Amino acid sequence: MTGWRNWAGDQACSPASLERPKDTDAVTAAVTRAAAEGRGVRVAGSGHSFTDAVLTDGTLLSLERMRRVLDADPAGGLVRVEAGITLRELNEALSELGLALENLGDIDVQSVAGAIATGTHGTGGRLRNLSAAIESVELVTADGSTVELHPAEDPDGWRAARVSVGALGVVTAVTLRAVPAFTLEGVDSSLPLEEALERLGELIDGNDHFELFTFPHSELALTRTNNRVQGPPQPRSRGREWFDDMLVRNHLFGACCRIGRARPRLIPRINRTISRAAGTSRRVDRSYEIFASPRRVRFTEMEYAIPRGRAAEAVRAVRAVSDDGGFDICFPIEVRFVAPDDALLSPAAGRDTCHIAVHSYEGMEWEPYFRAVEAVMDGYEGRPHWGKRHFQTAQTLSRRYPEWESFAAVRARLDPGGLFANQYVDRVLGSAAAAPA
Ligand SMILES: Cc1cc2nc3c(=O)[nH]c(=O)nc-3n(C[C@H](O)[C@H](O)[C@H](O)COP(=O)(O)OP(=O)(O)OC[C@H]3O[C@@H](n4cnc5c(N)ncnc54)[C@H](O)[C@@H]3O)c2cc1C
């Protein structure tokens with residue numbers, strides 16, 4: 001393979017060198033070689049970002065051969081893994097140790113390093129994003145040295161490396177804190193959108209994990225609540241799993257999107273029909289089986305983190321854009337919640353957060369819709385998901401992150417020459433040369 005392409009198929013590059021190191025020493029050798037030859041370095045995870053975060057014409061590293069569990073302390077809940085391990089592989093390894101990640105997003109195919117680099121999150125008003133589970137980070141830096149960033153020895157380095165957009169170096173291993181394995185009851189249901197927005201506080205705080213979806217032109221909110229329960233998991237039969245995850249969520253939904261793309265005037269009716277047909281379902285299973293599901297319908301996405309207290313009005317404002325802006329949108333708006341954390345570039349840094357995501361089906365025009373929604377998010381000091389589309393620059397973002405300068409200082413220390421920069425990093429974080437020393 002000489003070229004690279006993301007999952008959505010709309011970000012691609014042809015790096016001068018594409019390498020698959022097998023361990024940290026091989027990463028160091030690749031970084032040193034690239035630096036000597038004057039080439040930039042980026043790392044590809046599983047390619048599930050929608051932005052050009054990965055792209056380079058220099059050296060692209062894939063850590064797909066670095067997926068081992070290196071060490072585990074089941075009693076203390078600490079697990080050390082190589083950075084290329086996927087969340088799915090990590091979840092299964094943790095399960096065998098009687099452990100689990102406290103919270104997860106809605107897919108599990110990302111690499112651990114890729115997921116934390118962009119601030120990937122799930123939902124749960126009392127729970128933080130994935131990077132908050134990181135106890136320490138092993139990083140190969142621009143001069144080829146390997147550093148272990150730990151809160152006790154280098155608090156700012158550690159807080160920077162947890163959500164780094166790949167701008168500090170190559171993450172080769174991380175130590176994570178897990179929790180005892182748990183069972184979740186997941187209930188999907190629906191209620192009028194206005195009622196959901198009026199009862200938002202109660203729905204978020206009354207459930208371990210609450211999120212809602214609302215289709216443009218529908219009066220309904222489709223709700224998903226996941227709560228911890230005692231007792232054993234009750235896995236679905238293979239047939240049931242295929243029916244729910246593949247037939248309904250992928251094949252039927254994909255067919256609706258294709259019809260909507262071919263005949264946009266039908267979209268409002270299709271969206272209302274899907275919302276009404278959704279009904280109620282209940283599952284009880286291991287936590288990670290409830291959180292994640294397979295996604296075959298391709299799309300592109302933008303997601304913003306705003307203060308939780310503004311969530312209801314922001315959802316109404318986004319619905320006004322999606323319903324009245326003249327856009328053809330077959331995908332729902334997704335609304336999730338996370339607790340504040342202290343990673344310097346975490347979109348949830350320092351504030352209770354509501355994430356609002358908008359999507360556009362593959363092959364449909366997305367940019368005018370996303371720009372219109374972004375204008376709404378600007379009014380709420382919105383911070384974009386680092387792995388999802390947005391149009392911000394370092395200039396607009398620096399005002400929205402209280403500890404922006406601290407991140408810039410860590411970057412100037414670890415990558416003074418911008419070896420790990422690319423166009424995306426330059427746009428959203430500024431060029432390394434401009435960072436304070
Ligand atoms: C279908 C779908 C569902 C999604 N669901 C969610 C969700 O529920 N919640 C959510 O928050 N996000 C979600 N996302 C976004 C996704 O979690 C992020 O974009 C995540 O970064 C993807 O991980 P990845 O392994 O594919 O990384 P990539 O997209 O390959 O890379 C992401 C960034 O990490 C950097 N990177 C990767 N590995 C390393 C490394 N070892 N060292 C240094 N830098 C590295 C890359 O250079 C890049 O900048 C979803 C995306 C898709 C396509």
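In each ligand, atom 1 is the first atom listed, and ligand 1 is the first ligand listed. Scope of the values below: all heavy atoms of this structure, side chains included, with no hydrogens, waters or symmetry mates. None of these values were measured; they are calculated from a predicted model. Residues: numbered from 1 along the sequence shown.
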The atoms of ligand 1 lying under 4.0 Å from a heavy atom of Ala117, numbered in the order shown, are 34 (O), 35 (C)

Margin query: Both conditions, 6.0 Å and 45 degrees, for the charged tip of Arg310 above the ring of Tyr380: are they met here?
Written below: no

- Can Glu403 and Arg159 be counted as an ion pair, charged N to O under 4.0 angstrom? yes

Under 4.0 Å between heavy atoms, the region of Lys388 that gets near ligand 1 turns out to be side chain

Closest heavy-atom approach to atom 45 (C) of ligand 1 among Asn422, Val27, Val43, Val41 is made by Val43

| message | Tell me whether the rings of Trp7 and Phe50 are parallel (<30°), tilted (30 to 60°) or perpendicular (>60°). | response | perpendicular

Strictly below 4.0 Å, N to O, side chains only: are Asp205 and Arg126 in salt-bridge contact?
no

Query raised in the report: Do any nitrogen or oxygen atoms of Glu303 lie less than 3.5 angstrom from nitrogen or oxygen atoms of ligand 1?
Result: no

Practice task
May I ask you to decide if the ring planes of His121 and His385 are parallel, tilted or perpendicular, using 30° and 60° as cut-offs?
Solution key: tilted

**Message:** Please determine whether a side-chain nitrogen of the Lys or Arg among Arg319 and Glu313 lies less than 4.0 Å from a carboxylate oxygen of the Asp or Glu.
**Reply:** no

Heavy-atom proximity to atom 12 (N) of ligand 1, picking from Met66, Arg336, His385, points to His385

Ligand 1 to Gly105, heavy atom cutoff 4.0 Å, flagged ligand atoms 8 (O)

So the atoms of ligand 1 within less than 4.0 Å of a heavy atom of Ala115 turn out to be 23 (O)

of all protein heavy atoms, closest to atom 22 (C) of ligand 1 is Gln110 CG, 3.6 Å

Closest heavy-atom approach to atom 3 (C) of ligand 1 among Ile107, Leu60, Thr51 is made by Ile107

Heavy-atom proximity to atom 29 (O) of ligand 1 ranks first, among Gly47, Ser49, Ala8, for Ser49

A student checking ligand 1 against Gly169 at a 4.0 Å heavy-atom cut-off should list atoms 42 (N), 43 (C)

Among non-hydrogen protein atoms, atom 26 (O) of ligand 1 lies closest to His48 N, 2.7 Å

Looking only at protein heavy atoms, what sits closest to atom 33 (C) of ligand 1 is Thr118 CG2, 3.9 Å

Among non-hydrogen protein atoms, atom 5 (N) of ligand 1 lies closest to Asp106 OD1, 2.7 Å

A student checking ligand 1 against Val170 at a 4.0 Å heavy-atom cut-off should list atoms 42 (N)

- Query: Ion pair present between Asp106 and Arg336, side-chain N to carboxylate O less than 4.0 angstrom?
  - Reply: yes

message: I want to know if ligand 1 touches Val54 in the polar sense, i.e. an N/O pair below 3.5 angstrom.
response: no

Residues pairing under ring-ring contact (aromatic ring centres under 6.0 Å, His included) where one sits in residues 136-171, two or more places apart or in two chains, turn out to be none

Atoms of ligand 1 under 4.0 Å from any heavy atom of Ser111, numbered from 1 in the order shown, are 25 (O)

Face-on cation placement of Arg224 at Phe213 ring, 6.0 Å and 45° thresholds
no

Atom 44 (N) of ligand 1 has as its nearest protein heavy atom Gly166 CA, 3.4 Å

Residue, atom and distance of the protein heavy atom nearest atom 9 (N) of ligand 1 read His121 O, 2.8 Å

* Sidechain N-carboxylate O distance under 4.0 Å for Arg371, Glu367 -> yes

Note: Arg42, heavy atoms under 4.0 Å from ligand 1, region reported as side chain

Exercise. Is Phe50 near ligand 1, meaning one of its heavy atoms is under 4.0 Å from it?
Worked result: yes

Does any N or O atom in Gly45 lie less than 3.5 angstrom from one in ligand 1, N or O only? yes

Residues Arg68, Asp23: salt bridge by 4.0 Å N-O rule = no

Here the atoms of ligand 1 under 4.0 Å from any heavy atom belonging to Val165 are 49 (O)

| Ion pair check, Arg298 and Asp10, cut-off under 4.0 Å | no

* Asked: Looking only at distance, does Leu63 have an N or O less than 3.5 Å from an N or O of ligand 1?
  -> no

Checking heavy atoms under 4.0 Å, the part of Phe420 that sits near ligand 1 is neither

Closest to atom 21 (O) of ligand 1 by heavy-atom distance, out of Gly387, Ser46, Gly114, Ala357, is Gly114

Flag the pair Asp57 and Arg39 as a salt bridge only when some basic side-chain nitrogen lies within less than 4.0 angstrom of an acidic carboxylate oxygen. no

Next on the checklist: Would you say that more than 12 heavy atoms from the other residues, nucleotides or ligands in this model lie under 6.0 Å from the CD of Glu92, or not?
Outcome noted: yes

Do you see a donor-acceptor pair shorter than 3.5 Å between the side chains of Ser131 and Asp341? no

Report task. Indicate yes or no: does Glu102 engage Arg177 in a salt bridge with an N to O separation below 4.0 Å. Result -> no

Note to self: For ligand 1 and Val171, I'd like to know whether there is a polar contact (N/O to N/O, distance under 3.5 Å).
What the structure shows: yes

